[in-house]
Amino acid sequence: MNPFTGTGHLIRLALRRERTIAPWWILLIVTMALTMVAYINRNMGTYELKLAYIDIIRSNAFLQGLGGGFAEPRLEVLATWRSGGFLYVASAFAAVMSVVRHTRREEDAGRSELVRSAVVSRHAQLTAAMLVAAGNSLLGGLVTAVVLIGIGLEPIGSLAYGAAITVAGWVFAGIAAVAAQLARNARTATAIGLSLLAISFVMRYAGDASAQYWLKYLSPIGWSHLVQAYQDERWWMLGISILAGAVLSAVAYQLLGRRDLGAGLLPERLGRATAPELRGPISLAWRLHRGLLVKWTAGVVFFAAAAAGLSPLGRDLLSRPSIVVDNIRSTLGVPADAMLGAYSWYMILILAYAIALYPVLMTLRLRSEETSGRAEAVQATAVTRLRWAVGHLIVTGLGTTALMAVSGLVFGTLYSVLVGDLATDMPRFLSGALGAVPAAWCVGAVCLLAYAMLPRASAAISWTVWILTAALGQVVGPLYGRWGGSPLEPFHYIPNAFTAAPMDARPSLALLAVTTVLLGGGLLALRRRDFG
């Protein structure tokens, strides 16, 4: 049998499954690229504004690391710098998820064994997954380049930018392929791939922030930055990414031949023989969710600390007014003496929108437990369906509250140490962060209702709900001239703890009432529908 027999059939199968996933990733990448161009055009329309913005970047190591590379007062350079390499990260993330989805996850579900019972070679499934992931990355980069050329940006630079997006996906497709051979299940393979992606981004960021640029050469994400689209167009850096992807793919094929189907090369970590702490649905939900909650907490601490670290820069900007400060002030719609408070509230909102993704993921975990059969096994005991679901909801609600509290405490503490006063500023940050909890709960409640009523479409609906919440909200709103956001999303109604206006509890109570109705409807629908 040919080593790649059946690859064509598996590619068609993978493309059929990707048709509802890949277009959204491509749309996200293209939209982010266009959004950055629109942002620069809107807020830095003149050469003087661009020069002033570059002066601000060069005076702050945090900002220098955020974008990466050397900014120039040109639209296309500032737009790619402003993206901070997130297009590269998005391409890499999509590649990791795609490869794991069509390899390790298929083995976990038992479908790979069924497929291999036909005329299919051992290498066919991995080859199909790699080709589909590589094709998605290529399409994402190509469409981005064509769109940017279409709006009038430099063709050669746009092609280099699209190529850098593509090769980021290729490298991490190879990393995911290796991880799929090492890990014994899809969750571990995904964790390995995404952990290496995070390390790669941090190394790139550290290299730019500290001027230790050799760190970028050790980072696959840094390789895409080093292409320097719209500047030098260092095409040879693309060759490094392509070579790395090819080597990783070869390693994955070698490892594939050394393991059994359904097994991994990393040794299995044995658990305890007993679990006396599992006394009910709440303790079981905590056992399932605690690992992810710890990771989320670490991420929230990092980003809250980074946001607080920018507070001295905000204070310095206010002490030396410029056309850039005037432009930002007009965008935010606040007076000069409230600029620092407006910045702080904006950062709290960014963290709140991000944390709202946590209850979404926890709700999707219910669907995962159901489809895997584990939920049915739990409900074969004295635990009813409603008790099982409520246990997950309680842990999710408390976890969301804890994440909001951590963000407020970390941000408030560092802000107070750097530019404020602990006694007066800490309560504002903590109350501001906790004030966003009802809105995050409301997002999760919508996702629960979708899971209960339309379980097969719940993943797509849940992701759409969160994306629309962020897109219509007060963070993305300024990019298209809607600073106040949209009344269609729940964060529109949370109180601003940094204004002098008295606190009004009615919006929060209304959100809690809506959340209660949604949760009640979701639990009732879950109780009535067929399970599995």
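As the structure is a prediction and not an experimental result, all values here were calculated from the model. Nothing fancy with the numbering, it's 1 onward along the sequence.
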One should read off an interatomic distance between L349 CG and I494 CD1, to the nearest 0.5 angstrom, of 5.0 Å
Between R17 and E106, is there a salt bridge with N-O shorter than 4.0 Å?
-> yes
Interatomic distance, CH2@W388 vs CD@E369, rounded to 0.5 Å, equals 7.0 Å
Applying side chain to side chain donor-acceptor pair (under 3.5 Å) to R12 and not counting sequence neighbours gives H9
What's the shortest heavy-atom distance between R367 and Y451, and which atoms?
-> CA-CE1, 3.6 Å
Please check if the side chain of S195 supplies one atom and the backbone of I192 the other of a donor-acceptor pair under 3.5 Å.
-> no
CG of L361 to CH2 of W296, rounded to nearest 0.5 Å, is 6.0 Å
Centroid-centroid under 6.0 Å between F93 and W25 rings = yes
S462 side-chain N/O to A459 backbone N/O, donor-acceptor pair under 3.5 Å = no
Across all chains, not counting sequence neighbours, the side chain to side chain contact (heavy atoms under 4.5 Å, CB included) partners of S200 are F172, S219, P220, I221
Kindly determine whether S91 and T166 satisfy side chain to side chain contact (heavy atoms under 4.5 Å, CB included), including the steps that lead there.
-> CA-CA 7 Å; S91 179; T166 297; over 6 Å; no
Show the numbers, then the answer: is there a side chain to side chain contact (heavy atoms under 4.5 Å, CB included) between L366 and L526?
-> CA-CA 11 Å; L366 290 173; L526 182 63; 5.9 Å; no
Please indicate whether R527 has more than 12 foreign heavy atoms, meaning atoms of other residues, nucleotides or ligands, lying under 6.0 Å from its CZ.
-> no
Heavy-atom closest pair (V171 atom, S241 atom, distance to 0.1 Å) is CG2-O, 3.3 Å
Going through the distances and angles, do Q181 and L126 end up as a side chain to side chain contact (heavy atoms under 4.5 Å, CB included)?
-> CA-CA 10 Å; Q181 314 313 313; L126 177 60; 4.0 Å; yes
Taken to the nearest 0.5 Å, the spacing of R428 CZ from L430 CG works out to 12.5 Å
Hey, can you tell me if H225 and Y88 have their rings parallel, tilted or perpendicular (30° and 60° cut-offs)?
-> perpendicular
Drop me the distance from L292's CG to R187's CZ, to the nearest 0.5 angstrom.
-> 9.0 Å
Indicate yes or no: at least one non-hydrogen side-chain atom of H102 is less than 4.5 angstrom from one of L10.
-> no
Less than 3.5 Å apart, which donor and acceptor atoms pair up between the side chains of residues 515-524 and the rest of the protein, not counting sequence neighbours?
unit_1: T515; atom_1: OG1; unit_2: L511; atom_2: O; d: 2.8
unit_1: T516; atom_1: OG1; unit_2: L512; atom_2: O; d: 2.8

Using a 4.5 Å cut-off on heavy atoms from C-beta on, say whether the side chain of C447 contacts that of L364.
-> no
Residues, nucleotides or ligands: over 12 heavy atoms within 6.0 Å of Y493 OH | yes
V37 and A79 have their tightest heavy-atom pair at CG2-CB, 3.8 Å
Could you go through the side chain to side chain contact (heavy atoms under 4.5 Å, CB included) check for T80 and Y161 one step at a time?
-> CA-CA 8 Å; T80 55; Y161 192 34; 3.6 Å; yes
Heavy atoms from other residues, nucleotides or ligands near CE of M426 exceed 12 (cutoff 6.0 Å) | yes
Starting at CD1 of I467, measure out to OG1 of T31 and round the result to the nearest 0.5 Å.
-> 10.0 Å
Can you name the closest pair of heavy atoms from C442 and V514 and give their distance?
-> SG-CG1, 4.1 Å
Minimum heavy-atom distance V96-G193, with the two atoms named = CG1-CA, 4.2 Å
Any side-chain heavy-atom pair of V360 and V443 under 4.5 Å | yes
Expected list for residues 394-414: side-chain donor-acceptor pairs under 3.5 angstrom, two or more places apart:
unit_1: T396; atom_1: OG1; unit_2: H392; atom_2: O; d: 2.7
unit_1: T400; atom_1: OG1; unit_2: T396; atom_2: O; d: 2.8
unit_1: T401; atom_1: OG1; unit_2: G397; atom_2: O; d: 2.9
unit_1: S407; atom_1: OG; unit_2: M404; atom_2: O; d: 2.6
unit_1: T413; atom_1: OG1; unit_2: L409; atom_2: O; d: 2.7

Is there a donor-acceptor contact under 3.5 Å from the side chain of W170 to the main chain of G245?
-> no
Could you tell me whether the side chain of T464 and the main chain of A460 form a donor-acceptor pair under 3.5 Å?
-> yes
Mind checking what makes side chain to side chain donor-acceptor pair (under 3.5 Å) contact with R101, not counting sequence neighbours?
-> E18
Would a distance-only check, ignoring hydrogens and angles, find a side-chain to backbone donor-acceptor pair under 3.5 Å from R104 to A183?
-> yes
Identify each donor-acceptor pair in which a side-chain atom of residues 137-147 lies under 3.5 Å from a protein atom, sequence neighbours left out, and give them as a table.
unit_1: S137; atom_1: OG; unit_2: A133; atom_2: O; d: 3.1
unit_1: T144; atom_1: OG1; unit_2: G140; atom_2: O; d: 2.7

R387 side chain to T384 backbone, donor-acceptor under 3.5 Å | no
Aromatic ring pairing F201/F86, orientation class (parallel under 30°, perpendicular over 60°, tilted between) | parallel
What pair of heavy atoms forms the shortest contact from R105 to T190, and how long is it?
-> NH2-OG1, 4.2 Å
S249 (side chain) donor-acceptor with G174 (main chain) under 3.5 angstrom = no
Main-chain N/O of H492 paired to E489 side chain as donor or acceptor, under 3.5 Å = yes
Do R529 and P455 come close enough that some side-chain heavy atom pair is under 4.5 Å?
-> yes
